[in-house]
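To start, the structure under review is shown below, and the notes come after it.
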Number of protein chains: 2
Amino acid sequence: MELLFSNIQRHISLSEEDKHIISSFWTIKRLNRGEHLLSAGSVCRYDAFVLEGSLKGYITDADTGREEIVFLAVADWWASDLESFHTQHASSLNITAITPATVALISLPAFNELLEKLPKLEKYFRIILQYHVTALLRRIYYRNAHDAKSRYKTFLQQYPALQEQIPQYLIASYLGISAEMLSKIRAQKDL
Amino acid sequence: MELLFSNIQRHISLSEEDKHIISSFWTIKRLNRGEHLLSAGSVCRYDAFVLEGSLKGYITDADTGREEIVFLAVADWWASDLESFHTQHASSLNITAITPATVALISLPAFNELLEKLPKLEKYFRIILQYHVTALLRRIYYRNAHDAKSRYKTFLQQYPALQEQIPQYLIASYLGISAEMLSKIRAQKDL
DNA sequence: GAAAAATCTTGAACTGGTTCAAGAAATGGT
DNA sequence: ACCATTTCTTGAACCAGTTCAAGATTTTTC
């Protein structure tokens, strides 16, 4: 929970009282390796903040059964289907623990109530969403403008922490590369 | 300006007084075809809401000079480099009018002052950013999981309006396809 | 409304990356 | 510690999409 406070405090200030209020709206959940936080077809009931471990968000192709990684999340990141969470419509996304993980969860009613009690959190969520949008636009740009090797190099620079926590074949999918190709890229000397 | 009000009112309610306050913070600017709203290397001074016409956001490759489209924007959309706008650091993005365009502009100091005067706008911006994140994640998923033809078909369904306003070769770049390939896809009967 | 510029089309050669396959190495569960 | 499972590697055949080139068409400008 401290991790969430420090994340929030990077953008707005919190009193002890504020922290107390915030705490009361969240529940902590542990996930086993492979356990689902959200399954395609069901509604995203909780917005999740990752405290420990790593998760993947992915879409399973109905025909081929292939998993396509949409996002990866480790400690200090958010992991949920915002659209499904806010509309409470069925999600097409799966979210699963890659390693054993601990997440902080908040339901939509609790989320709305929390924002009413602590309106300054609106600003916090606005700001982190701004960063998120920027990061996603950059990801799209790299996907379209750079080849596989250069995308991987950029990824390693940008998220050195992920390299150890996430299997290669999931990183490959995240980058829009086949697992085999990424293996061959890594075999090259001049990374 | 009415377009901006109605955009905001899709998410929160505004009194006439609110509208009056909002109006006072924005300035209207007309752009000629090809005119820059933002040039790579300079700071994004304004957050822009498109009232008329169409704009492109793109990155020019330093070596090849190729333009890579990052986003397209038409009436009722936003067009700016959020990161550069909020940090006031140099942007790597160009934003240019594809057709003659009218935009509503707000500077960062004005933006912050507006949010202080009308805190409920925090919620509006949070909500539209949520939609934006969702749309960008979907775009990434399609880019990675689907071939060129299927991406184009999905694009036509999702943004039928853009087809008429934006040259094909820019749509191709937006989708991560070469202009020639898109032309060949369009020549196929079974779209 | 003519000239210039921008956009679109088509074909041929090529290539970055995929798919398939099968074995090697690492990791997890009990 | 062992076995089962997951993850990673490597090579060969293949292909979706790119690049290059050159002409056709449309749109803009003056």
Side-chain angles (χ1 to χ4, degrees), chain A residues 30-35 53-56 58 61 63-69 72 96-101 142-156 162-191, chain B residues 31-35 53-54 56 58 61 63-69 72 96-101 142-156 162-191:
Chain A
R30 309 202 111 269
L31 295 168
N32 296 323
R33 175 179 142 88
E35 194 174 344
S54 51
L55 316 196
K56 59 181 174 182
Y58 60 100
D61 186 285
D63 301 328
T64 66
R66 281 173 56 109
E67 277 186 12
E68 205 64 44
I69 297 295
L72 297 168
T96 305
I98 299 173
T99 62
Y142 275 107
R143 178 68 177 92
N144 284 347
H146 297 283
D147 66 13
K149 183 173 179 178
S150 131
R151 291 194 321 264
Y152 181 59
K153 282 163 80 170
T154 304
F155 173 84
L156 289 183
L162 293 203
Q163 199 190 355
E164 290 128 38
Q165 301 177 60
I166 315 267
Q168 256 182 63
Y169 73 102
L170 294 178
I171 293 176
S173 174
Y174 171 88
L175 292 171
I177 307 174
S178 70
E180 294 91 335
M181 189 64 211
L182 183 53
S183 174
K184 284 162 192 167
I185 287 169
R186 282 165 51 88
Q188 294 171 224
K189 291 274 155 63
D190 60 326
L191 267 180
Chain B
L31 295 167
N32 296 323
R33 176 180 142 87
E35 194 175 345
S54 50
K56 58 181 175 182
Y58 61 99
D61 185 284
D63 301 328
T64 65
R66 281 174 58 110
E67 277 185 13
E68 204 63 45
I69 297 296
L72 298 168
T96 305
I98 299 174
T99 62
Y142 275 108
R143 178 66 176 93
N144 285 346
H146 297 284
D147 67 13
K149 183 173 179 177
S150 130
R151 283 183 342 251
Y152 181 58
K153 281 163 82 170
T154 304
F155 173 85
L156 289 183
L162 293 203
Q163 199 190 354
E164 290 128 37
Q165 300 177 62
I166 315 269
Q168 254 183 63
Y169 73 103
L170 295 179
I171 293 176
S173 173
Y174 171 88
L175 292 171
I177 306 173
S178 70
E180 294 91 336
M181 188 65 212
L182 183 54
S183 174
K184 283 163 192 167
I185 287 168
R186 282 165 51 88
Q188 292 170 223
K189 293 272 155 63
D190 59 326
L191 266 181

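Chain A is the first sequence line, chain B the second, and so forth, proteins listed ahead of strands; every chain is numbered from 1. Here the structure is a predicted model, which means the values were calculated and not measured.
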B:Gln168 side-chain N/O to C:dA6 phosphate OP1/OP2 under 4.0 Å: no
Contact check, side chains of B:Phe155 and B:Leu162, non-hydrogen atoms, under 4.5 Å: yes
A:Lys56 side chain near A:Tyr174 side chain, heavy-atom distance below 4.5 Å: no
Euclidean distance, atom CG of residue A:Asp147 to atom C1' of D:dT19 [Å, nearest integer]: 15 Å
Nearest-angstrom distance from the residue atom CD1 of B:Ile185 to C1' of C:dT9: 14 Å
Separation of C:dT9 P from B:Ile171 CD1 (nearest whole Å): 12 Å
Pairwise distance CG(B:Leu182) to OH(B:Tyr152) - rounded to 0.5 angstrom: 5.5 Å
Summary of protein contacts for nucleotides 20-30 of chain D, nucleotide by nucleotide, where a base hit scores B, a sugar-phosphate-only hit scores S (4.0 Å, heavy atoms): B-------SS-
A:Arg151 (side chain) donor-acceptor with A:Gly176 (main chain) under 3.5 angstrom: yes
Side chains of A:Ile98 and A:Gln165 in contact at under 4.5 Å (non-hydrogen atoms): no
Euclidean distance, atom CE of residue B:Met181 to atom P of C:dT15 [Å, nearest integer]: 18 Å
Over all atoms of both residues, closest heavy-atom pair of B:Thr99 and B:Gly53: OG1-CA, 3.4 Å
Touch class at under 4.0 angstrom, heavy-atom based, for A:Leu182 against every strand present: nothing
Minimum heavy-atom distance between B:Ala101 and B:Ser54, given as atom pair plus value: CB-N, 4.3 Å
Short side-chain N/O contact from B:Arg66 to OP1 or OP2 of D:dT19, under 4.0 Å: yes
Proximity to the side chain of B:Ser178 - top-ranked nucleotide from D:dT19, D:dC8, C:dT9: D:dT19
Separation of atom CD in A:Glu164 from atom P in C:dA26, rounded to whole Å: 17 Å
Distance, rounded to the nearest Å, where B:Arg151 contributes CZ and D:dG17 contributes P: 7 Å
d(CD, A:Gln165; P, C:dT27) in whole Å: 14 Å
Of the listed nucleotides C:dC8, D:dC8, C:dT10, the one nearest the side chain of B:Ala187: C:dT10
Gap between atoms CD1 and P, on B:Ile69 and C:dT7 respectively (whole Å): 11 Å
